[in-house]
Protein chains: 2
Amino acid sequence: MNQKIDSLAKILIEKNIKPSYQRIRILQYINENINHPTVDNIFNSLVKEIPTLSKATVYNTLELFEDANLVKVITIEDNETRYDSRVHNHGHFKCESCGSIYDFEVDIDSLVVNSLKYFKINDKNVYFKGICSRCLTPNKFLAKTKIRK
Amino acid sequence: MNQKIDSLAKILIEKNIKPSYQRIRILQYINENINHPTVDNIFNSLVKEIPTLSKATVYNTLELFEDANLVKVITIEDNETRYDSRVHNHGHFKCESCGSIYDFEVDIDSLVVNSLKYFKINDKNVYFKGICSRCLTPNKFLAKTKIRK
DNA sequence: TATAAAATTTATAATCATTATAATATTATT
DNA sequence: AATAATATTATAATGATTATAAATTTTATA
Ligand SMILES: [Mn+2]
Ligand SMILES: [Mn+2]
Ligand SMILES: [Zn+2]
Ligand SMILES: [Zn+2]
């Protein structure tokens, strides 16, 4: 138990972030929930166990994590900002039916753009939209299907 | 003058959209301003010539255009929805210094993702972030530089 | 250890883009 | 012209994010 907390604290210390209890728990949450949670997801889950938690802390902490490259902001939809603890470059697929966001591996670096020769590129993103396989053939996987809002 | 309006009206009629004056002017604006304007950009420009224009009309019209594939929503930043009248598939680069959004051609269709074999893909997006060439060497192009908020 | 300073968290208010609602105006149909 | 359908407008409501200041916790120093 303390091992887990210690290792999370270590990650924060290495990034020069003081490992407060709230920060450790938020880091833990995004590491264990890689389904690209929103601020509300994170807050509503954690506030059950940390009743004094403030939403402002979640916002502040995520901004801190973003600057430290511990988390990546996913902006597929304009109304919901999501967070991804997998910071390596990968693509995202959003299902327009169930709302789930899937990761997929894609060789983004191979996308060389001539017209951006003299631009400094810090960040490359790829995202698709459509209907996921579960929604396309729902009856087949009924037992496995999880509906996400 | 009327030729332009007529051709814009024609575009709308072909999409089964009644060519009201407001709709024609909004279509004209996004066709003439391909720098990915926000709703505010569109509204503030047009309201000077159409004082009765309502922001709700701009929102309604853009949604209508989106459904008709006359415009594409660009969501690079989570706080600003932008609109693009160039609906063919192309990439976007957002400069983190001046905020400008550049178009670039990229062969998105060549991105084949095995894990999405059984997914229905409706929309593919690619966007980069970084510093544009003008911001990297600002003195060189002083005369040409246009600062965009 | 006691005290002061700094950092963090919390509670609350403010902001702002978007959506919803209902009234008004315009256009089409009979 | 009267009626119905559609579009526009004005306005309010919503909701996510940001800002602000007070309260709490941690750290540094005497
Ligand atoms: Mn991901
Ligand atoms: Mn574009
Ligand atoms: Zn789905
Ligand atoms: Zn720039």
Side-chain angles (χ1 to χ4, degrees), chain A residues 5 8-9 12-13 15-29 36-68 70-83 99 149, chain B residues 5 8-9 11-13 15-30 36-68 70-83 99 149:
Chain A
I5 286 184
L8 291 164
L12 294 176
I13 291 167
K15 296 283 189 177
N16 288 316
I17 297 172
K18 292 187 183 169
S20 72
Y21 180 67
Q22 289 87 340
R23 287 170 178 173
I24 288 174
R25 294 302 304 274
I26 292 169
L27 180 62
Q28 183 183 20
Y29 184 88
H36 315 93
T38 62
V39 167
D40 249 52
N41 295 151
I42 299 167
F43 174 77
N44 288 323
S45 291
L46 289 179
V47 79
K48 290 173 192 163
E49 295 178 40
I50 317 169
T52 60
L53 184 67
S54 165
K55 202 173 269 190
T57 298
V58 180
Y59 276 104
N60 292 339
T61 302
L62 288 171
E63 197 184 345
L64 211 61
F65 287 2
E66 195 191 345
D67 294 341
L70 284 173
V71 79
K72 207 166 160 354
V73 177
I74 306 295
T75 51
I76 298 181
E77 226 66 60
D78 48 355
N79 54 335
E80 51 176 27
T81 304
R82 292 172 172 275
Y83 293 87
K149 213 232 114 177
Chain B
I5 287 184
L8 290 166
I11 293 171
L12 293 176
I13 292 166
K15 297 282 188 176
N16 288 316
I17 297 171
K18 290 188 184 169
S20 72
Y21 180 66
Q22 289 88 339
R23 288 170 177 174
I24 287 174
R25 294 304 302 275
I26 292 170
L27 181 61
Q28 181 184 22
Y29 184 88
I30 59 170
H36 315 94
T38 62
V39 167
D40 248 53
N41 294 150
I42 299 167
F43 174 78
N44 288 322
S45 292
L46 290 179
V47 79
K48 290 172 192 161
E49 295 177 40
I50 317 169
T52 62
L53 184 67
S54 163
K55 201 172 270 190
T57 299
V58 179
Y59 277 102
N60 292 339
T61 301
L62 288 171
E63 197 185 344
L64 212 62
F65 287 3
E66 195 190 345
D67 294 341
L70 286 173
V71 79
K72 206 167 160 353
V73 177
I74 307 295
T75 50
I76 299 181
E77 226 67 59
D78 49 355
N79 54 336
E80 51 176 28
T81 304
R82 292 172 171 276
Y83 293 86
K149 215 231 113 178

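Note that the structure is a prediction, hence the values are computed from the model and not measured. Hydrogens, waters and symmetry mates are skipped; everything else that's a heavy atom, side chains included, is used. Throughout, protein chains are lettered first and strands after them, A, B, ... in sequence-line order, and every chain is numbered starting at 1.
Nearest heavy-atom pair across A/L62 and A/V71 is O-CG1, 3.9 Å. For the residue pair B/I30 and B/L70, the shortest heavy atom distance occurs at CD1-O, 4.5 Å. For the pair B/P19 and B/I24, the tightest heavy-atom approach, listed with the atom from each and the gap, is O-CD1, 3.6 Å. The shortest non-hydrogen separation linking A/F43 to A/S54 is CE1-C, 3.8 Å.
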Next item on the list: Let me see the working for B/R25 and B/Y21 under side-chain hydrogen bond (donor to acceptor under 3.5 Å, both in side chains), right down to the final yes or no.
Entry: CA-CA 6 Å; B/R25 294 304 302 275; B/Y21 180 66; 2.8 Å; yes
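No side-chain N or O of A/N60 forms a donor-acceptor pair with one of A/T57 less than 3.5 Å apart.
Rounded to whole angstrom, the span from the CD atom of A/E63 across to the P atom of D/dA16 amounts to 18 Å. Across the protein-nucleic acid pair, B/E77 atom CD and C/dC16 atom P stand 17 Å apart, rounded to whole Å. Here C/dA13 presents its C1' atom at 15 Å from NZ of A/K55, a figure rounded to the nearest Å. Whole-Å rounding puts the A/N79 CG to D/dA16 C1' distance at 10 Å. In this structure, the CD atom of B/E80 is 15 Å from the P atom of D/dT17, given to the nearest Å. Put simply, CZ on B/F43 is 13 Å from C1' on C/dA17, counting in whole angstrom units. Between the CD1 atom of A/I26 and the C1' atom of C/dT9 there is a distance of 10 Å, given to the nearest Å.
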Considering only nitrogen or oxygen atoms on both sides, find all protein atoms under 3.5 Å from nucleotides 6-15 of chain D and state each distance.
residue, atom, partner, partner atom, Å
D/dA7, OP1, B/R23, NH1, 3.1
D/dT8, OP1, B/S20, OG, 2.3
D/dT8, OP1, B/Q22, OE1, 3.3
D/dT8, O3', B/Q22, NE2, 2.9
D/dT9, OP1, B/Q22, NE2, 3.3
D/dT9, OP1, B/T52, O, 3.0
D/dT9, OP1, B/T52, OG1, 3.1
D/dT9, OP2, B/S54, N, 3.2
D/dT9, OP2, B/T57, OG1, 2.8
D/dT9, O5', B/T52, O, 3.0

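Within the 4.0 angstrom heavy-atom criterion, no nucleotide atom of any strand lies near A/T38.
Dashed line: the shortest gap from a side-chain N or O of A/T81 to OP1 or OP2 of D/dA16 is not under 4.0 Å.
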